[in-house]
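Bear in mind that the values here come from a model prediction, so they are computed numbers and not experimental data. Each chain gets a letter, A, B and so on, in the order the sequences are listed, and its residues count up from 1.
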Amino acid sequence: MENNNDHVQNIVLELRRGILAIAVLSQLQEEQYGYSLLKSLSDKGLEIDQGTLYPLLRRLETQGLLNSTWRITDEARPRRYYIISIRGRDALVQLSREWAAITATMEKMIVEDV
Amino acid sequence: MNLLDKYLLEVGKYLPRKHSQDIQAEIRSTLEDMLDDRSRMSGKPVDDTLLSEVLQEYGAPAKVAESYNRPRYLIGPRLYPFFEMVVKIVLTVLVVVSLVGFGINAARSGGAGPEFLASLGSFFAQFFTGLISAFGNIVLVFAILERVLPAGSFEEKEKTWTPADLDAEPDPAEVKRSEPVFAIIFTAIGLVLFNLYPDLVGFSTIKEGVWISVPALSQAFFHYLPWINLLGISTILLEMYLLVKGSWQMTTRLAGLALDIGGIVLAVIMLAGPSLVNLETARMAEVFGESADVLTKLLNGVPYLVLVVLITIQSIEVAQAIWRMVKTPKPLGGFLPR
């Protein structure tokens, strides 16, 4: 039984890893810094480790889907703010369609066959 | 230097140099936000105790840095197939060269006694040293290539496959015409040489206008000649049958196997028996002068080396033939219910 739980947990981790990029892009239509994004995703029910989020933000920026800029805030603290780019918006539209198609397919499979 | 600075310095040691400062700045900003948040929620002041809790939660420096690093390979997946191929080729060459070297040394020592043991010990020592050295050098070269070759080089392009390719795949039972032809020619040459012109197997030279030849084969060899002839003629007949038929069948595979096993048995008997070579020292001195002695000792070891190699290769072939016969899949029709 323990082994089965481990396998299930691994699959759940893979499922969550698969949706992170879409989740992050969807939340950066308004400018946010890393920690605020972390809290925003957590408030909406998606817990994500900072060790996962920050490298993901860098990767998306390298791919041209996000833009970032350093700004000094009111508390005189420099923060890096991220926002979705034009390419990122196009990608999000495509990813949203893909997501809708996948969830519709999975709904059919799970409801009909399980 | 405060605790936060020490933490960031430690993380920085493991980060890629190019983005290290930028990443450290971002981590500092995040940790400061986490501290403010934690202080607000818990009512605790922002001090080293709270900072220690936050750092503990954030994670060990090496682990934090790991998430920013791409996986690093000594030899990555794109070069690994070539590395494997080169290692196999080099190690095979190393084994062959070492065996030849050992054979020559063993022949010089007469095949027995303390000198032979010394050459055996030297063989193993040199072989293993050479093996480790060769492997280390290959790893070093490929590790350098992994780091200097541009991305995209050596990546395997996927071949387009179509069902028509199935026809092109070789039939394991098919006999290529050239194979029995070569086998017949070389076996016939061997039989003619050993039976009709055995004196030609040796050394010949012209000295002061006179032809001097030193036959190599000993009387012991000629005791085995009837068996060599039997195996040779049987081989020629089998190869002629295969040339006509064009494919292997169970009967011909069994016949081939029997001939291979017969060859191995004969080779083992010859190896254990008296020397197959008998080079007359006086005649060798006429041909080779001062180096005749050393050369004679060297050449006396050659038949043993040849027989050992022959036995090894034929044993492998026999094992492969048996494996093939055991593993050959039956046609699908044999399993379907009628």
Side-chain angles (χ1 to χ4, degrees), chain A residues 10 13-14 16-21 23-25 27-28 30-85, chain B residues 2-5 7-42 44-47 50-72 150-152:
Chain A
N10 285 336
L13 273 171
E14 278 178 41
R16 290 165 67 86
R17 216 174 281 142
I19 59 155
L20 284 176
V24 162
L25 286 172
Q27 297 307 295
L28 286 176
E30 280 178 13
E31 199 176 62
Q32 293 202 59
Y33 58 94
Y35 192 62
S36 68
L37 177 62
L38 200 76
K39 290 189 74 180
S40 158
L41 289 168
S42 173
D43 290 343
K44 287 179 176 156
L46 187 64
E47 294 293 339
I48 177 171
D49 190 60
Q50 52 261 13
T52 307
L53 177 64
Y54 288 99
L56 174 62
L57 289 170
R58 286 185 169 266
R59 185 163 58 85
L60 292 172
E61 188 179 7
T62 311
Q63 290 167 349
L65 304 178
L66 295 178
N67 291 322
S68 76
T69 182
W70 280 98
R71 275 217 293 278
I72 310 281
T73 62
D74 295 336
E75 299 103 326
R77 182 180 298 166
R79 283 196 180 112
R80 192 178 191 147
Y81 285 81
Y82 293 90
I83 190 163
I84 195 167
S85 68
Chain B
N2 64 30
L3 188 60
L4 183 56
D5 292 333
Y7 179 81
L8 291 170
L9 198 67
E10 192 62 25
V11 173
K13 284 179 189 170
Y14 301 98
L15 288 172
R17 206 174 295 172
K18 198 175 168 190
H19 302 292
S20 176
Q21 282 198 343
D22 196 53
I23 294 170
Q24 284 179 71
E26 191 165 27
I27 295 173
R28 178 188 289 278
S29 159
T30 305
L31 286 169
E32 284 168 350
D33 284 334
M34 281 175 76
L35 269 171
D36 285 345
D37 225 24
R38 204 57 55 85
S39 171
R40 207 177 311 118
M41 279 166 46
S42 63
K44 292 181 191 172
V46 175
D47 56 13
L50 190 64
L51 178 57
S52 293
E53 279 176 31
V54 166
L55 290 178
Q56 185 80 39
E57 189 188 313
Y58 203 78
K63 198 154 184 284
V64 167
E66 197 187 299
S67 58
Y68 289 93
N69 289 319
R70 284 181 300 172
R72 286 178 293 184

query = Is any residue of residues 50-57 of chain B within less than 4.5 Å of chain A by heavy atoms, and which ones?
reply = B/Glu57
task = With chain A as the partner chain, list the residues of residues 21-37 of chain B whose heavy atoms fall under 4.5 Å from it, by residue number, and write 'none' if nothing qualifies.
result = B/Asp22, B/Ile23, B/Ala25, B/Glu26, B/Ser29, B/Thr30, B/Glu32, B/Asp33, B/Met34, B/Asp36, B/Asp37
request  = With rounding to the nearest 0.5 Å, note down the distance linking OH in B/Tyr68 to CZ in A/Arg58.
outcome  = 6.0 Å
Point-to-point distance, once rounded to the nearest 0.5 Å, from OG of B/Ser67 to CG of A/Leu53 = 10.5 Å
